[in-house]
Amino acid sequence: EDQVTQSPEALRLQEGESSSLNCSYTVSGLRGLFWYRQDPGKGPEFLFTLYSAGEEKEKERLKATLTKKESFLHITAPKPEDSATYLCAVGSGGSYIPTFGRGTSLIVHP
Amino acid sequence: ETGVTQSPTHLIKTRGQQVTLRCSSQSGHNTVSWYQQALGQGPQFIFQYYREEENGRGNFPPRFSGLQFPNYSSELNVNALELDDSALYLCASSSSGGESETQYFGPGTRLLVL
């Protein structure tokens, strides 16, 4: 059974204070690791898909990296508008149906 | 390009009632997946439809059922509602029977069961 663990559960940062969110996973044959951003009461917004160890993707202040056991979402010089819950999910085996972690709630203070 | 839409946005039902939630997939997508998200949790997979056939199911009882229509829109039906069914219900669309890497989510339907 696929397992996804995200840490920390919650993170408070000052504006401009860079940090990283962690997503550890256990899967049988990774087919894709996904990062989403979710604002309160709304649907998840797609950020990145990573397929293989060593892969990196960037979007504005966000950078996602992948190893064989975990993924990191690096946030550089965050702004208050980056405040949200960040969800990690993995697809494995014969299906891209993802298994989600519980998310990291990020609050960036001005 | 039209994104994923869901209706209604909010719904209040009483225990034992039945509910139907609707989803229109993103243009060009032929696969729809439904998720239940309880407060403070990640989305839990309910089932997926590809070309009008169920293409995978999570650990949900048979009173959760669905349909996909020829235009790839979809419905989620829940019978005999229970209090624990209160959650945000999310629809996500993708292409090629789920073999595409990315699912795009709609805004969700917030269901409250009293």
Side-chain angles (χ1 to χ4, degrees), chain A residues 1-10 21-25 27 29-52 55 57 59 64 66 71 73 84-106, chain B residues 1 3-7 9-11 21 23-26 29-50 54-60 86-112:
Chain A
E1 181 178 325
D2 298 347
Q3 292 190 341
V4 180
T5 303
Q6 293 189 245
S7 61
E9 289 186 8
L21 313 182
N22 178 264
C23 173
S24 298
Y25 63 89
V27 298
L30 180 70
R31 296 194 68 178
L33 185 140
F34 314 95
W35 282 100
Y36 290 86
R37 169 195 169 124
Q38 187 174 28
D39 293 305
K42 298 187 177 180
E45 174 191 346
F46 170 71
L47 294 174
F48 305 108
T49 304
L50 302 169
Y51 294 101
S52 57
E55 189 175 359
K57 289 190 176 177
K59 179 181 179 180
L66 181 65
S71 176
L73 184 65
T85 294
Y86 290 85
L87 294 166
C88 171
V90 295
S92 68
S95 170
Y96 274 108
I97 296 171
T99 299
F100 280 84
R102 296 180 63 171
T104 292
S105 174
L106 173 65
Chain B
E1 183 178 88
V4 180
T5 60
Q6 293 185 243
S7 63
T9 55
H10 296 84
L11 203 52
L21 311 182
C23 170
S24 291
S25 60
Q26 184 167 311
H29 287 180
N30 55 16
T31 302
V32 173
S33 302
W34 285 92
Y35 294 83
Q36 181 194 67
Q37 187 177 25
L39 206 59
Q41 304 291 319
Q44 297 294 311
F45 174 69
I46 303 175
F47 44 58
Q48 183 183 84
Y49 280 84
Y50 169 61
E54 190 176 289
N55 188 41
R57 188 178 182 92
N59 189 26
F60 280 81
S86 296
L88 180 68
Y89 287 85
L90 296 163
C91 167
S93 74
S94 57
S95 61
S96 304
E99 292 182 3
S100 172
E101 63 274 17
T102 301
Q103 296 189 349
Y104 294 88
F105 284 84
T109 294
R110 173 71 64 185
L111 173 64
L112 177 61

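Here is how names work: the chains are called A, B, and so on, in the same order as the sequence lines, proteins then strands, and each is numbered from 1. Quantities reported herein were computed from a predicted structural model and do not represent experimental measurements.
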With respect to chain A, which residue among B:P107, B:P43, B:G40 yields the maximal number of heavy-atom pairs within a distance under 4.5 Å? B:P43
Can you tell me if CD on A:E55 sees more than 12 non-hydrogen neighbours from other groups inside 6.0 Å? yes
Might you point out which heavy atoms bring A:G41 and B:R110 nearest each other, and give the distance in Å? CA-NH2, 4.2 Å
How about B:L88 and A:Q38: do any of their side-chain heavy atoms sit closer than 4.5 Å? yes
For A:E9, look at atom CD and say whether over 12 heavy atoms of other residues, nucleotides or ligands are found less than 6.0 Å away. no
Answer key: most heavy-atom pairs under 4.5 Å with chain B among A:C88, A:G43, A:P44 is A:P44
Report the distance from atom CG of A:L87 to atom CD of B:Q37, rounding to the nearest 0.5 Å. 6.5 Å
Please give me the minimum heavy-atom distance between A:Y36 and B:T102, naming the atom from each residue. OH-CG2, 4.4 Å
Suppose we call two aromatic rings close when their centres sit under 6.0 Å apart. Are B:Y35 and A:F100 close by that rule? yes
